[in-house]
Amino acid sequence: MRYLPTGEWMQKADRYTIQEIGIPSMVLMERAALKTVNIMERKQVNLDKTLVVCGSGNNGGDGFAIARLLKEKGYEVTVSFIGREASMSEDCRQQLKIAEKCGVSIVTSIKREEYTSVVDAVFGVGLNRDFAGTYRENIEKMNHLPGQKVAVDIPSGICSATGKVLGTAFSADLTVTFACEKLGCILYPGHVYAGESVVADIGISRKIFEKDSSVCYTFDETDLPKLLPVRKPDSHKGTYGKVLMITGSSGMAGAAYLSAKAAYITGAGLVQIYTAKENRGILQQLLPEAIISTYTEYDVENLHRLLGWADVVCIGCGLGRTDISEKLVIETVKSTKTPCVVDADALYVLGRHMELLKGQEWPFVLTPHMKEMTGLLGCAVQELQEKRFEKIRTFTEQYGVVCALKDARTLVSKMHRQIFVNIAGNSSLAKAGSGDVLAGVIAGLMAQGLDCYEAAVCGVYLHACGGDEAREAKCSYSTLAEDLITGIGTCIKKTEEKMAK
């Protein structure tokens, strides 16, 4: 796993490293400069004629040290200091003096010249409000200069906590970031401005991130073997759980099929679909492995019998917004004695009956996209976009649920747990049926014994990795939801092969 701290948390980590561990700040700054230069050379940035633009904080100090190292290596380098001398940090002032004594050319304006590279060391991670005036003019000048663009730690003008552009921002081809990728360079639009991000370990301790639930994290492919539930040689279908899918109103057999097949492909032992009678024939042909139970009207006794059979329930995919579907959702949420995934149309019903979640003994995983989440919260989409972390934390604390908030960067939250931020996947996931597949994946993992939070986190990541496999096979334009299921199977196969080595 990898932590995704905000600038505030990185500043705490800096202080802990300096004050508690005892590594001087100038040592960290020198390491940052050395690693930045090494990475720029490794990435074949043309450094023959480089402009380094420095502010007055410690990010500017990094910039002065980078310029000095570039000069020592024989590159032509100019520093443009655009900060305020009166507000320079102690370390930045010291690095300026060293650079001057080493013969680095330092000016106080940005002139248009034919630079081969432009290095941004203006603001760093501490910026959290819009800026204008001379700073804005200079960053826009930097963007319009020729040459490759490199940001030091974070592109100036990007909020390290939200990814928001704070008036204007440096548009980097490469960002060399220290200790961890910053959350703002993962979220959009900050991710676009960061370009390619490379993490440089300079000795900053990550220890303080371990116990605080407000620090976010993510996964990469090396984590999958630790996430998937273990398969036992001495097992049978009952070992891997029974999933009840209450999905698919009349004419919506596709949603029922996709969610049920996804639960199977992820490893569930047995799946039963409870659906409108009209869907029986097509589902029996599409997925003969599943048990098919049907309804023509609301039958509370039969619903209770099915709920008693299941180890995990998944409700909502293609369920519709009829009187029957509303009764099914209300009674399921009230009566289930097993973990339950709530998706799609069931979320619409739940949004009108949020009292059902209060005091529940059994855990729920809710999988809303942004619009569905506004129905649960009673707020506008723009407000949710701007305050998604705050709102998802408050929501999961209030109702005691796990919430997977689906977006280009899906978040998974649970009370007292760190928020998972998914960075895998691609635009091929933006297709009808993708959410049905995710609900099935999470239910299938829960059936195999993962708790709700772990299943949601693993499910979101596995679903996204399946999207990456599907794009590789089909391309992002042509991938369909069923291709995601195939991609998930491929991803699991590759992971199992790695586990066997």
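Counting from 1, the numbers follow the sequence of the chain as shown. All values below come from the heavy atoms of this structure, side chains included, with hydrogens, waters and symmetry mates left out.
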- Message: In the structure I gave you, are the side-chain heavy atoms of I18 and P24 within less than 4.5 Å of one another anywhere?
- Response: no
- Examine Y3 together with Y217 and report whether their ring centres are nearer than 6.0 Å. no
- Task: Decide yes or no for S117 and N46: does some side-chain heavy atom of the first lie under 4.5 Å from some side-chain heavy atom of the second?
- Result: no
- Task: Please confirm whether the backbone N or O of V125 pairs with a side-chain atom of N59, one donor and one acceptor, at under 3.5 Å?
- Result: no
- How long is the span from the CZ atom in R409 to the NE2 atom in H191, to the nearest 0.5 Å? 4.5 Å
- Task: For Q385 and Y188, run side chain to side chain donor-acceptor pair (under 3.5 Å): C-alpha distance rounded to whole Å, both residues' side-chain angles, the deciding distance at 0.1 Å, then the answer.
- Result: CA-CA 10 Å; Q385 288 173 333; Y188 291 97; over 6 Å; no
- Message: Taking K71 first and then E76, would you say they form a salt bridge - that is, a charged N and a carboxylate O separated by under 4.0 Å?
- Response: no
- Do any N or O atoms from the side chain of R112 and from the backbone of H144 form a donor-acceptor pair under 3.5 angstrom? yes
- Are W9 and S214 close enough, and set up right, to give a side chain to side chain donor-acceptor pair (under 3.5 Å), and what steps lead you there? CA-CA 9 Å; W9 272 105; S214 65; 3.2 Å; yes
- Under the side chain to side chain donor-acceptor pair (under 3.5 Å) rule, what do D153 and T177 come out as? Steps first, then yes or no, please. CA-CA 4 Å; D153 209 16; T177 188; 3.1 Å; yes
- Query: For Y240 and R231, what are the C-alpha separation, side-chain angles and deciding distance, and is it a side chain to side chain contact (heavy atoms under 4.5 Å, CB included)?
  - Reply: CA-CA 8 Å; Y240 304 114; R231 305 289 286 189; 3.4 Å; yes
- Message: Can you tell whether the side chains of E497 and K493 come within less than 4.0 Å, N to carboxylate O?
- Response: yes
- Short side-chain to backbone donor-acceptor contact, S478 and C475, under 3.5 Å: no
- Query: Ignoring hydrogens and geometry, is there a side-chain-to-backbone donor-acceptor pair from T17 to S205 under 3.5 Å?
  - Reply: yes
- Side-chain heavy-atom pair Q418, C216 within 4.5 angstrom cut-off: no
- Message: As a quick check of understanding, evaluate salt bridge (charged side-chain N to carboxylate O under 4.0 Å, His left out) for E454 and R417, giving each step before the final call.
- Response: CA-CA 10 Å; E454 303 297 342; R417 297 294 297 267; 2.8 Å; yes
- Return the orientation label for the F219 and Y461 ring planes: parallel under 30°, perpendicular over 60°, tilted otherwise. perpendicular
- Query: Hey, are the side chains of V365 and V401 touching, using non-hydrogen atoms and a 4.5 Å cut-off?
  - Reply: no
- List the steps and the verdict of side chain to side chain contact (heavy atoms under 4.5 Å, CB included) for L166 and I158. CA-CA 6 Å; L166 300 172; I158 294 298; over 6 Å; no
- Task: Enter the distance from T134:OG1 to I82:CD1 here, rounded to the nearest 0.5 Å.
- Result: 9.0 Å
- Does K164 come within less than 4.0 Å of E386, counting only side-chain N to carboxylate O? no
- Message: Closer than 4.0 angstrom, basic N to acidic O: yes or no for K494 and E469?
- Response: yes
- How far apart are the C-alpha atoms of E30 and K35, what are their side-chain angles, what is the distance that settles it, and do they pass the salt bridge (charged side-chain N to carboxylate O under 4.0 Å, His left out) test? CA-CA 9 Å; E30 286 295 311; K35 287 291 183 75; over 6 Å; no
- Please walk me through it: do N143 and S171 pass side chain to side chain donor-acceptor pair (under 3.5 Å)? CA-CA 6 Å; N143 284 335; S171 185; 5.1 Å; no
- OG (S427) and CZ (R471) are apart, to the nearest 0.5 Å, by 7.0 Å
- Working for side chain to side chain contact (heavy atoms under 4.5 Å, CB included), residues C314 and V312: CA-CA 7 Å; C314 178; V312 172; 5.7 Å; no
- Just by distance, do the side chain of E372 and the backbone of H369 share a donor-acceptor pair under 3.5 Å? yes
- Message: Is any side-chain heavy atom of F209 closer than 4.5 Å to one of C180?
- Response: yes
- Query: So, D343 and K406, do they make that salt bridge, N to O below 4.0 Å?
  - Reply: yes
- Message: If you define the side chain from C-beta out and look only at heavy atoms, does anything of R2 sit under 4.5 Å from D220?
- Response: yes
- Query: If every non-hydrogen atom of G459 is compared with every non-hydrogen atom of L438, which pair is closest and at what distance?
  - Reply: O-CD1, 3.6 Å
- Task: Would you check if the side chain of D436 reaches a backbone N or O of L258 as a donor-acceptor pair within less than 3.5 Å?
- Result: no
- Side-chain ion pair, E482 and K431, N-O less than 4.0 Å: no
- Message: Any salt bridge linking R388 with D407? Criterion: basic side-chain nitrogen under 4.0 Å from a carboxylate oxygen.
- Response: yes
- Message: Can you give me the closest heavy-atom contact between G433 and A481, atom names plus distance?
- Response: C-CB, 3.6 Å
- Atom CE in M29, atom CD in Q95: separation rounded to 0.5 Å? 6.0 Å
- Message: Between the side chains of R15 and E20, is the shortest nitrogen-to-carboxylate-oxygen separation below 4.0 Å, so that they form an ion pair?
- Response: no
- Message: Quick check: closest heavy atoms across C458 and L450, and the distance to 0.1 Å?
- Response: CB-CD1, 4.4 Å
- Give a yes or no on whether the ring-centroid distance for F123 and F131 is below 6.0 angstrom. yes
- Might you work through the side chain to side chain contact (heavy atoms under 4.5 Å, CB included) test for V118 and T50, ending with a clear yes or no? CA-CA 6 Å; V118 178; T50 299; over 6 Å; no
- Query: With no hydrogens and no angle check, is any side-chain donor or acceptor of S160 less than 3.5 Å from a backbone partner on G7?
  - Reply: yes
- Item | Carboxylate-amine/guanidinium contact K49 E114, below 4.0 Å | no
- Note on the structure: Rounded to the nearest 0.5 Å, the CG atom of D212 sits from the NZ atom of K12 at a distance of 6.5 Å
- Report yes if the side chains of T108 and S80 come closer than 4.5 Å at any heavy-atom pair, otherwise no. no
- Message: So F178 and T36, do their side chains get closer than 4.5 Å, heavy atoms only?
- Response: yes
- Message: Tell me which one of L366, L384, L357 satisfies side-chain contact (heavy atoms from CB on, under 4.5 Å) with L376.
- Response: L366
- Query: Counting only heavy atoms not in E8, do more than 12 sit closer than 6.0 Å to its CD atom?
  - Reply: no
- Please determine if K474 and D483 form a salt bridge, counting it only when a charged side-chain N lies under 4.0 Å from a carboxylate O. yes
- Note on the structure: By salt bridge (charged side-chain N to carboxylate O under 4.0 Å, His left out), E140 pairs with (sequence neighbours left out) R136
- To the nearest 0.5 Å, how far apart are CZ in F389 and CG in L405? 9.5 Å
- Donor-acceptor contact below 3.5 Å, side chain D120 vs main chain P155: no
- Message: Has H463 got a side-chain atom pairing as donor or acceptor with S434's backbone, closer than 3.5 angstrom?
- Response: yes
- Compare every heavy atom of A262 with every heavy atom of T266, then report the nearest pair and how far apart it is. OG1-O, 2.6 Å
- For the side chain of S56 and the backbone of M88, is there at least one donor-acceptor N/O pair under 3.5 Å apart? no
